[in-house]
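Reviewing the structure listed below.
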Amino acid sequence: MPAPSHAPRSLLLLCLLVLRGCAQDFGQTRFICTSVPLDVDMCSASSSAPAQGGGAEELRSTVLQLRESVLQQKETILNQKETIRELTAKLGRCESQSLLDALPNEAKPGGRKPGGFPKNTMGDLSRAPAAETLHQLGQTLQALKARLENLEQFSRLNASGQGGSLKDVLQSKIDDLEKQVLSRVNSLEEGKFNGKNESEERGKIESTLTSLHQRISDLEKGQKDTRPTDRFQLTFPLRTNYMYAKVKKSLPEMYAFTVCMWLKSNASPGVGTPFSYAVHGQANELVLIEWGNNPMEILINDKVAKLPFTINDGKWHHIGIAWTTRDGVWEAYQDGTQVGNGENLAPYHPIKPQGVLVLGQEQDTLGGGFDATQAFVGELAHFGVWDRKLSPGEVYNLATCSTKALAGNVIAWAEGSIDVYGGATKWTFEACRQIN
């Protein structure tokens, strides 16, 4: 820009639109025009400061600061772009596996759920990541192998000359099932499964497991003849909506009761539902449940009392609940010791008869409406029901395997009185040996 005609010859009005010689391209920058002497070198660090426009040193410092700031901003932008690309790639992978990792929850009518529980009938694959389910299936296969090893020791089976051949057939089926599981893992990693394939694959594995459990149970009948009918346990290895046991006998009308059992679980959060009793018009007639992060609860006619049990440590525990309709008084026992009590739990409401008693699942409808999130995971044994309140001494005798312990006069623990479904199994069990 030429200097105005009235300006002194020694001064030149310079507009720093482009800082020639020492300036760089700084993008969008605010430029300042000022009057400086003609003999001043704008790029020199040693130039003297003009009286009106500030010194060259100050301008040089400003230029360097701007340059450094721009470089830092460019570096930050590049880093952010790289982070965005990584997150976008991860999001794409998550979306491609969404049908396998977690199916959506669906509200389901039919009975009040304590605490407003969500309902779902999609089974364990809708509640746990596929990898976790496959790991649990692997554990079930290992358990089946252990049972086959025990079958080799049955003298009656070996004497018949069929032990080796039957075991080989079952071993071959288990090996095939393991291959299916391994193939399923590989397919999941490659993203080949869709919702339909997932459901079909789960159905095949469930059917194979049920068949294997049934054949092994048939082979174990020879051992049952040599042991008392109460020395067995139920095992629920997976959190599903199809694995359960059903007591063949219903409950009578009761104005008092005591329910006792042995439990072993390390499931988290919540061990699930050890048992539920439903009648027409009331799915929550009598329920014991520990769901989510809530404490264990006893429900009678949909009324709730919280129980101070702590049992999900992977060890066997004996628990008992006694109740009477008069004033709704209740008592809770763990390992033979009373740990809690209260009153006003469904007072003057008798337990209704002719219902369905299920072990391992919570019922939303009579005999069904199971929810995988509320299923019991672990082992259960010596489930007994009395039509009166047992005394603290009687509960203690049960928990310590005393010879004075009495069997339930309403429901006594007997192998022939319980049917198992969906892969739940019966195993030999002796409570006294577990606690001694």
Main-chain N/O of Lys315 paired with Asp313 side-chain donor or acceptor, under 3.5 Å: yes

Less than 4.5 Å apart, side chain to side chain, heavy atoms only: is that true for Phe383 and Leu234? no

Say whether, by atom type as modelled, one donor and one acceptor occur between the side chain of Gln361 and the main chain of Thr240 under 3.5 angstrom. yes

Donor-acceptor pair, Lys246 side chain versus Gly367 backbone, under 3.5 Å? no

Heavy-atom side-chain proximity of Lys264 to Leu380 below 4.5 angstrom: no

Test of understanding: with ring-ring contact (aromatic ring centres under 6.0 Å, His included), list the residues that count as partners of Phe236, not counting sequence neighbours. Phe376

Are the aromatic ring centres of Phe370 and Tyr242 under 6.0 angstrom apart? no

Of the options Asn284, Asp371, Leu288, Leu299, which is the one that meets Glu362 in a side-chain contact (heavy atoms from CB on, under 4.5 Å)? Asn284

Can you find a pair of side-chain heavy atoms, one from His382 and one from Cys260, that are under 4.5 Å apart? no

Tell me the closest heavy-atom pair linking Ala399 and Gly336, and the distance in Å. CB-N, 3.4 Å

Gap between atom CD1 of Ile311 and atom CH2 of Trp262 - 0.5 Å precision: 12.5 Å

Side chain to side chain contact (heavy atoms under 4.5 Å, CB included) assessment of Ile418 paired with Lys248: CA-CA 6 Å; Ile418 295 175; Lys248 296 179 181 180; over 6 Å; no

State which residue, out of Tyr255, Phe257, Trp330, fulfils the ring-ring contact (aromatic ring centres under 6.0 Å, His included) condition with Trp323. Phe257

Test salt bridge (Lys or Arg N to Asp or Glu O under 4.0 Å) on Lys352 and Glu285 and set out the steps. CA-CA 8 Å; Lys352 297 178 182 178; Glu285 182 68 7; 5.0 Å; no

Run the side chain to side chain contact (heavy atoms under 4.5 Å, CB included) check on Leu286 and Phe275 step by step: do they pass? CA-CA 8 Å; Leu286 179 57; Phe275 78 90; 3.8 Å; yes

Salt bridge (charged side-chain N to carboxylate O under 4.0 Å, His left out) partners of residues 388-413, not counting sequence neighbours, each pair once: Glu331-Lys389, Arg388-Glu394

Smallest separation among heavy atoms of His349 and Ile300, with atom names: CD2-CG2, 4.3 Å

Report yes if the distance between the aromatic ring centroids of Phe232 and Trp413 is under 6.0 Å, otherwise no. yes

Would you say Ser265's side chain and Val271's backbone share a donor-acceptor pair under 3.5 angstrom? no

Residues at least two apart in sequence or cross-chain that pass side chain to side chain contact (heavy atoms under 4.5 Å, CB included) with Ala405, listed by chain then number, are Asn397, Leu398

Does any donor atom in the side chain of Asp327 or Asn344 lie under 3.5 Å from an acceptor atom in the other side chain? no

What are the two closest non-hydrogen atoms of Pro269 and Arg239, and how far apart are they? O-NH2, 4.2 Å

pair Met243-Pro237: side-chain heavy atoms closer than 4.5 Å: yes

Report the C-alpha distance between Gln233 and Lys426 in whole Å, list the side-chain angles of each, state the deciding distance to 0.1 Å, and finish with yes or no for side chain to side chain contact (heavy atoms under 4.5 Å, CB included). CA-CA 6 Å; Gln233 69 179 46; Lys426 296 178 181 178; over 6 Å; no

Quick check: does any side chain N or O of Glu297 sit under 3.5 Å from a backbone N or O of Ala305, one acting as donor and the other as acceptor? no

What verdict does the side chain to side chain contact (heavy atoms under 4.5 Å, CB included) test give for Ile351 and Glu253, after you've listed the backbone C-alpha separation in whole Å, the side-chain angles of each residue and the deciding distance to 0.1 Å? CA-CA 5 Å; Ile351 302 300; Glu253 186 174 58; over 6 Å; no

Output field: ring centroids Phe429/Trp316 closer than 6.0 Å: yes

Backbone of Glu415 reached by a side-chain donor or acceptor of Thr229 within 3.5 Å: no

Trp291 versus Thr373: any side-chain heavy-atom pair under 4.5 Å? yes

Looking at Ser391 and Tyr333, what are the two nearest heavy atoms and their distance? C-OH, 4.5 Å

For residues Val279 and Gln354, determine if any side-chain heavy atom of one lies less than 4.5 Å from a side-chain heavy atom of the other. no

Any non-hydrogen side-chain atom of Ile321 less than 4.5 Å from a side-chain atom of Thr258? no

Straight-line distance of Met261 CE to Leu359 CG, nearest 0.5 Å: 8.0 Å

So do Ile298 and Leu345 actually touch side chain to side chain, heavy atoms under 4.5 Å? yes

Does Thr325 use its side chain to pair, donor to acceptor, with the backbone of Ala256 at less than 3.5 Å? no

Where Ala412 and Ser417 come nearest, the two heavy atoms and their spacing: O-OG, 3.9 Å

Backbone N or O of Gly355 within a donor-acceptor pair of the Tyr277 side chain at under 3.5 Å? yes

Any side-chain donor-acceptor pair under 3.5 Å between Asp335 and His318? no

Taking every heavy atom of Thr310 against every heavy atom of His317, the minimum-distance pair comes out as O-NE2, 4.1 Å

Is it the case that atom CZ in Phe309 sees more than 12 heavy atoms from other parts of the structure closer than 6.0 Å? yes

